[in-house]
**Q** 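Next up is a structure, given as structure tokens.
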Amino acid sequence: MYQKQQVNRVILQILAIGLWLVSCGGDNSNQIAAPTPYDLDVPYYFGENHELPKENPLTIEGVELGRMLFYEKKLSRDNTISCGSCHQQDKAFTDGLSVSVGIDGQHLTKSAMSLVNLPWSSHFFWDGRAESLEGQALEPIENTLEMDQSLDETISKLSNTENYPDLFFRAFGKKIITAENIGKALAQFQRTLISANSKYDQFLTGNASLTEQENLGMELFFTHPEPSSSIRGGNCGDCHVNILTSGVNDNFEGFKNNGLDDDSGLEEGLATVTGFPSDKGKFKVPSLRNIALTAPYMHDGRFATLEEVLDHYNEGIKRSETIDPLILEASNESIESNGAIKLHLTNEEKEAIIAFLHTLTDYSFITNEKFSDPF
């Protein structure tokens, strides 16, 4: 009996010591509460066809880490360039340049795409070479024209800071920083860049009305012209299927040749990824969210204004082997006898379409502090 009491007393003492160590801040550096789930606020009319990978769930800690990394210049060789350098919030996460400028003032070959409503998008970059945001996020770091820094050097820099090991620990449960978790954190932040408060959104939810001109522009935007039935249209919605999100989230369906060049001037585009000659000259159809803020336009920034874009589709289309059929045969008049490809929109109709495009501007998106530079 006495021995049993002694054993129980020892057990109680051990438990008491353990509780005392915990309460006094004992070494529990390998213990952490699970990251807090991040509630992505998505309007019901966006639809459910969006991608949130199970292997990288959104968490408050992961998103905040991703936001810091997005604006972190230590990701570049000379500590001068961040993701936010080419994706600026006030320009709807573009940079206002025809082609972006990277480290040492080097010019890239493509325009910076807007980062918006990305869970509804797949295959990233203009040519679709990245299949996930996690993969896309890491490529600019190592690109010699952009940040020009190895992932090993990036890990070393971040590991030798006071704050990043703890931030990675809170987000992923490990203080050891890895390239995989850098990509995951950046992807988490980018998935939260939701734009859903434009005038057009408010119109859809019954909280705003479109002007007569904007309404005409909307009708033209979504209408494919049928001259035989006297149906006039701007033919925009044929490619820009979902202007609320980021186009088509279905393999390479959202890549088009929109008549920028003839066969002699076609760039490889999607064909560099698929290897199919039929994909030559095809590029990712971008989101039109905040389009009034993201000039210049096209993958090479060749058009400075929306007016130039409308002029291209109206009378500047160039014929090539891989041009999209819905562009090839779209016209508000009978087929041209000389083989030209023209929409034949009036000036009034072009102005109306542009007025409608301005209703896609979300001013709360470009001022939201959750997306801003934390430094």
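Quick note: numbers below take in every heavy atom, side chains included, and nothing from hydrogens, waters or symmetry partners.
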**Q** Answer yes if Leu266 and Phe255 sit in the same cluster of Ile, Leu, Val, Met, Phe, Trp and Tyr residues linked by side chain heavy atoms under 4.5 Å apart, and no otherwise.
**A**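 They do not share one cluster, since no chain of ILVMFWY contacts under 4.5 Å joins Leu266 to Phe255.
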
**Q** Can you tell which of Glu219, Glu212, Gln213 makes a side-chain contact (heavy atoms from CB on, under 4.5 Å) with Asn215?
**A**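 The passing option is Glu219.
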
**Q** Do Ser100 and Asp95 pass the side chain to side chain donor-acceptor pair (under 3.5 Å) test, and can you show the C-alpha distance, the side-chain angles, and the key distance before you say yes or no?
**A** CA-CA 7 Å; Ser100 295; Asp95 59 10; 2.6 Å; yes

**Q** What's in the same ILVMFWY side-chain cluster as Val101, cut-off under 4.5 Å, chained through other members?
**A**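 Members alongside Val101: Leu97.
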
**Q** Would Leu138 end up clustered with Ile176 when hydrophobic side chains under 4.5 Å apart are linked, directly or stepwise?
**A**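 The answer is no; the residues belong to distinct hydrophobic clusters.
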
**Q** Quick one: do Gln88 and Lys91 satisfy side chain to side chain donor-acceptor pair (under 3.5 Å)? Show the steps, please.
**A** CA-CA 6 Å; Gln88 301 165 22; Lys91 298 180 181 66; 2.9 Å; yes

**Q** How would you list, by chain and number, every residue that makes a side chain to side chain donor-acceptor pair (under 3.5 Å) with Lys74, sequence neighbours excluded?
**A**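 Applying side chain to side chain donor-acceptor pair (under 3.5 Å) to Lys74 gives none.
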
**Q** Do His344 and Glu349 pair up side chain to side chain, a donor and an acceptor below 3.5 Å, judged on atom types alone?
**A**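 Distance-only check fails for His344 and Glu349.
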
**Q** Tell me whether Glu146 is salt-bridged to Arg77, with the criterion being a basic N under 4.0 Å from an acidic carboxylate O.
**A**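 Salt bridge: no.
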
**Q** Is the side chain of Gln188 donor-acceptor paired with the backbone N or O of Thr59 at a distance under 3.5 Å, no angle test?
**A**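 Looks like yes, one N/O pair under 3.5 Å.
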
**Q** Should the pair Asp201-Arg289 be classified as a salt bridge under the 4.0 Å nitrogen-to-oxygen rule?
**A**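 A salt bridge links Asp201 with Arg289.
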
**Q** Sequence neighbours excluded, which residues qualify as side chain to side chain donor-acceptor pair (under 3.5 Å) partners of Glu61?
**A**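 Scan of Glu61 (side chain to side chain donor-acceptor pair (under 3.5 Å), adjacent residues dropped) gives Thr36.
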
**Q** Can Asn258 and Leu260 be said to form a side-chain contact (heavy atoms from CB on, under 4.5 Å), step by step?
**A** CA-CA 6 Å; Asn258 62 340; Leu260 291 174; 3.3 Å; yes

**Q** Please check if any side-chain donor atom of Lys284 sits under 3.5 Å from a side-chain acceptor atom of Ser121, or the reverse.
**A**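 Yes, because at least one side-chain N or O of Lys284 sits under 3.5 Å from a partner of the opposite role on Ser121.
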
**Q** Leu167 and Ile60: same hydrophobic cluster, using ILVMFWY side-chain contacts below 4.5 Å?
**A**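 The answer is yes; both residues are in one hydrophobic cluster.
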
**Q** Strictly below 4.0 Å, N to O, side chains only: are Lys199 and Glu214 in salt-bridge contact?
**A**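 Salt bridge between Lys199 and Glu214, a charged N being under 4.0 Å from a carboxylate O: yes.
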
**Q** Supply the members, apart from Phe283, of the Ile/Leu/Val/Met/Phe/Trp/Tyr cluster built from side-chain contacts under 4.5 Å; use none for a lone residue.
**A**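 Phe283 shares its hydrophobic cluster with Met113, Trp126.
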
**Q** Who pairs with Val99 by side-chain contact (heavy atoms from CB on, under 4.5 Å), at least two apart in sequence or on another chain?
**A**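 Val99: side-chain contact (heavy atoms from CB on, under 4.5 Å) contacts with His107.
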
**Q** For the residue pair Asn207 and Thr205, confirm or rule out a side-chain donor-acceptor distance under 3.5 Å.
**A**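 The answer is yes; a qualifying pair exists.
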
**Q** Let's go through Tyr313 and Phe303 carefully: what are the C-alpha distance in whole Å and the side-chain angles of both, what is the deciding distance for ring-ring contact (aromatic ring centres under 6.0 Å, His included) to 0.1 Å, and is it a yes or a no?
**A** CA-CA 12 Å; Tyr313 287 115; Phe303 299 134; 8.1 Å; no

**Q** Consider only side-chain heavy atoms of I, L, V, M, F, W and Y, link residues closer than 4.5 Å, and tell whether Phe125 and Ile141 are in one cluster.
**A**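 Different hydrophobic clusters.
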
**Q** Any donor and acceptor pair, going by atom type alone, linking the side chain of Arg170 with main-chain N or O of Gly62 inside 3.5 Å?
**A**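 No, because the side chain of Arg170 does not come within donor-acceptor range (under 3.5 Å) of the backbone of Gly62.
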
**Q** I'd like to check the side-chain contact (heavy atoms from CB on, under 4.5 Å) partners of Asn181; sequence neighbours left out, ordered by chain and number.
**A**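 With neighbours one apart ignored, the set is Phe168, Phe172, Thr178, Lys184.
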
**Q** For a side-chain contact (heavy atoms from CB on, under 4.5 Å) check, start with the C-alpha distance between Leu326 and His224, then their side-chain angles and the critical distance, and finish with the verdict.
**A** CA-CA 9 Å; Leu326 291 172; His224 184 86; 4.2 Å; yes

**Q** Can you confirm whether the side chains of Glu267 and His299 place a donor and an acceptor under 3.5 Å from each other?
**A**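 A donor-acceptor contact under 3.5 Å links the two side chains.
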
**Q** If you link ILVMFWY side chains whenever their heavy atoms are less than 4.5 Å apart, which other residues fall into the same cluster as Leu145? By chain and number, please.
**A**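 Other cluster members: Leu108.
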
**Q** Would you tell me whether Thr361 and Asn290 have side-chain atoms, one donor and one acceptor, within less than 3.5 Å of each other?
**A**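 Absent: no donor and acceptor within the cut-off.
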
**Q** List the residues meeting side-chain contact (heavy atoms from CB on, under 4.5 Å) with Ser372, not counting sequence neighbours, and say none if there are none.
**A**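 Ser372: side-chain contact (heavy atoms from CB on, under 4.5 Å) contacts with Arg67, Gln89, Glu369.
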
**Q** Given the rule in the side chain to side chain donor-acceptor pair (under 3.5 Å) test, do Ser198 and Asp362 qualify, once you have shown the distances and angles that lead to the verdict?
**A** CA-CA 4 Å; Ser198 67; Asp362 179 354; over 6 Å; no

**Q** Taking the side chain from Ser156 and the backbone from Asp152, do they hold a donor-acceptor pair closer than 3.5 Å?
**A**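 Here the side-chain-to-backbone pair does not exist.
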
**Q** Between Glu268 and Lys280, is the closest basic N to carboxylate O distance under 4.0 Å?
**A**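 A salt bridge links Lys280 with Glu268.
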
**Q** So, using side chain to side chain donor-acceptor pair (under 3.5 Å) as the criterion, who are the partners of Glu72 when residues are at least two apart?
**A**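 Partners of Glu72 under the side chain to side chain donor-acceptor pair (under 3.5 Å) test: Tyr164.
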
**Q** Under 3.5 Å, side chain of Asn314 to main-chain N/O of Leu345, donor-acceptor pair present?
**A**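 Yes, Asn314 side chain to Leu345 backbone: donor-acceptor pair under 3.5 Å.
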
**Q** I'd like to know if Lys350 pairs up with Asp311 as an ion pair, taking the criterion as any Lys NZ or Arg NE/NH1/NH2 lying under 4.0 Å from an Asp or Glu carboxylate oxygen.
**A**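 Yes, Lys350 and Asp311 are salt-bridged.
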
**Q** Under the side-chain contact (heavy atoms from CB on, under 4.5 Å) rule, collect the residues that match up with Arg319, sequence neighbours excluded.
**A**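 With neighbours one apart ignored, the set is Leu328, Ile341.
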
**Q** Indicate yes or no: does Lys318 engage Asp261 in a salt bridge with an N to O separation below 4.0 Å.
**A**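 Answer for the salt bridge query: no.
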
**Q** Please list all pairs meeting ring pair (Phe, Tyr, Trp, His ring centres under 6.0 Å) that have one or both residues in residues 182-202, counting only residues at least two apart or in different chains.
**A**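 Sorted result for residues 182-202: Phe70-Phe189, Tyr200-Phe356.
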
**Q** So, using side chain to side chain donor-acceptor pair (under 3.5 Å) as the criterion, who are the partners of Thr322 when residues are at least two apart?
**A**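 Thr322: side chain to side chain donor-acceptor pair (under 3.5 Å) contacts with Asn257.
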
